[in-house]
Amino acid sequence: MNDSERDGAQVSTATTADTTGEAAGIPELVIISGMSGAGRSTAAKCLEDLGWFVVDNLPPALIPTMVDLGARSQGNVARIAVVVDVRGRRFFDNLRESLADLAAKKVKRRVIFLEASDDALVRRFESVRRPHPLQGSGRIVDGIAAERDLLRELRGDADLVIDTSSLNVHELRAKMDAQFAGEEEPELRATVMSFGYKYGLPVDADLVVDCRFLPNPHWVPELRPFTGLNEEVAGYVFNQPGAKEFLDRYTELLQLIAAGYRREGKRYVTIAVGCTGGKHRSVAMSEKLAHRLVSEGVETVVVHRDMGRE
């Protein structure tokens, strides 16, 4: 993984087990899945270090059995993390049935999906000189494509998607620690990420906001060297026609979306705010939007993915 990227280093929030589930003796469950080479083992090791009981490559059909065993442990196994991947592809079709079984038993479960770009995955497999588990007699990219197709539905159902393309091991651990190392779980947690369109859309974004309708401070010579964190740049952005109204209207929309996410049990949302280079407009808007979310009781982390990249 690339050591130079900053994405994820600023994360500082956390979560822990549900007291209702603990009182009933039913363990909290996290299912870790995603692309081979995207960091599943690192994520699992992080949870193990935080005191979770971790099972690697458990056939999905056995997940309810593992939860039942945890429930009989008299509180000794209160949190279980299960790694599910394509090495168990014969059993993968059973995952949806297992999830339905868990829902019927009122088991609190979350699905964490580890994602990475094709380029990043190819580099990682080539660096360790190992074949992709699904490539067969083909190329690494063939295995990656087959795996993406197999996991597409699970990715869509995931509670949290983490893109590790530009994360090193320590930054991925920081993200996992931020989500699982605290003492109280908020109702909803948001990551507001500024980005530059010229560097590509964040693949783990749930919502995308486009700020390119606002004049670009890049073309104001005295503002060009600064970022959206600068008060003069932020003032310039929000003095433009439509900027404050956009912030107000989008905040209202997010209130509606957040209420729906809570009803559906979704605990994480990543809001990507973009401009051309990810330096001025998107940074200023992200900071203001995050402040609004915090005022609404949403625990929020701000990440400026591309700031300083130019």
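We count residues from 1, following the sequence as given. Heavy atoms only: backbone and side chains are in, while hydrogens, waters and symmetry mates are out.
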If you measure from [atom1] on [X] to [atom2] on [Y], what distance do you get to the nearest 0.5 Å?
X	Y	atom1	atom2	answer
Q240	N216	CD	CG	10.5 Å
L167	R173	CG	CZ	13.5 Å
L289	R292	CG	CZ	8.5 Å
D177	L172	CG	CG	9.5 Å
I26	K106	CD1	NZ	10.0 Å
E252	L247	CD	CG	10.0 Å

Side-chain heavy-atom pair [X], [Y] within 4.5 angstrom cut-off:
X	Y	result
I63	L95	yes
D204	F113	no
V302	E287	yes
S286	H304	yes
S33	L151	yes
P202	M193	yes
T276	R281	yes
V82	V30	no

Q.
A cation-pi test, strictly: NZ or CZ of R305 under 6.0 Å from the centre of the six-membered ring of Y199 and no more than 45 degrees from its axis. Yes or no?
A.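 Here R305 fails the 6.0 Å and 45° test against Y199.
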
In terms of heavy-atom contacts, does [atom1] of [X] have more than 12 from other residues, nucleotides or ligands at under 6.0 Å?
X	atom1	result
R130	CZ	no
K105	NZ	yes
E231	CD	no

Q.
Exactly one of V273, L207, V301, V298 should register a side-chain contact (heavy atoms from CB on, under 4.5 Å) with V192. Which one does?
A.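 Running side-chain contact (heavy atoms from CB on, under 4.5 Å) over V273, L207, V301, V298 with V192 returns exactly one hit, V273.
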
(Q) I need the full list of side chain to side chain donor-acceptor pair (under 3.5 Å) pairs touching residues 132-153, with sequence neighbours left out, sorted by first then second residue. (A)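 Residue pairs with at least one partner in residues 132-153: S36-E147, R96-E153, E115-R148, D118-R148, H132-E147, D149-R152.
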
salt_bridge([X], [Y]) N-O dist < 4.0 Å:
X	Y	answer
R40	D56	no
K45	E48	yes
E171	K175	no

Q | Hydrophobic cluster (4.5 angstrom, side-chain heavy atoms) - remaining members for F195 | A |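 Its cluster partners, ordered by chain and number, are Y197, L201, V208.
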
**Q.** Non-neighbouring partners of K198 that pass side-chain hydrogen bond (donor to acceptor under 3.5 Å, both in side chains), sequence neighbours left out
**A.** none

(Q) Apply side-chain contact (heavy atoms from CB on, under 4.5 Å) to residues T191 and V303 and explain how you reach the verdict. (A) CA-CA 7 Å; T191 297; V303 176; 4.1 Å; yes

Just by distance, do the side chain of [X] and the backbone of [Y] share a donor-acceptor pair under 3.5 Å?
X	Y	result
R124	G37	yes
D101	E97	no
K279	R224	yes
D49	C46	no

How close do [X] and [Y] get, heavy atom to heavy atom, and via which atoms?
X	Y	result
P215	Y236	CB-OH, 3.8 Å
A290	T300	CB-CG2, 3.8 Å
A190	L293	CB-CD1, 4.1 Å
T164	A116	OG1-CB, 3.7 Å
A272	A205	CB-CB, 3.7 Å
I80	V67	CD1-CA, 4.2 Å

**Q.** Working for side-chain contact (heavy atoms from CB on, under 4.5 Å), residues L29 and K108
**A.** CA-CA 6 Å; L29 175 68; K108 180 190 174 186; over 6 Å; no

Q: Start with the C-alpha distance between K288 and F238, add both sets of side-chain angles, then the distance that settles side-chain contact (heavy atoms from CB on, under 4.5 Å), and finish with yes or no.
A: CA-CA 10 Å; K288 291 287 188 181; F238 283 98; 3.2 Å; yes

Q: Please check if I271 and F213 belong to a single hydrophobic cluster, counting links between Ile, Leu, Val, Met, Phe, Trp and Tyr side chain heavy atoms closer than 4.5 Å.
A: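 Linked, I271 and F213 end up in one cluster.
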
Q. L253, F246: one ILVMFWY side-chain cluster at the under-4.5 Å cut-off?
A.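 Linked within one cluster.
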
Q: Name the orientation class of the two ring planes belonging to H218 and H280 (parallel below 30°, tilted from 30 to 60°, perpendicular beyond 60°).
A: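 The arrangement is tilted - the two ring planes meet at 30° to 60°.
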
Q) side chain to side chain donor-acceptor pair (under 3.5 Å) between R212 and S282: does it pass, once the steps are laid out? A) CA-CA 8 Å; R212 291 176 296 179; S282 62; over 6 Å; no

Q: Take Y261 and Y268 through the test ring-ring contact (aromatic ring centres under 6.0 Å, His included) and record every step on the way to the result.
A: CA-CA 9 Å; Y261 279 163; Y268 314 99; over 10 Å; no

Q) Side chains of S165 and R123: donor-acceptor distance under 3.5 Å anywhere? A)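 Judged by distance alone, the side chains do not pair up.
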
Q. Would I140 and I144 count as a side-chain contact (heavy atoms from CB on, under 4.5 Å) if you check the C-alpha gap in whole Å, the side-chain angles of each, and the deciding distance to 0.1 Å?
A. CA-CA 6 Å; I140 291 175; I144 292 172; 3.8 Å; yes

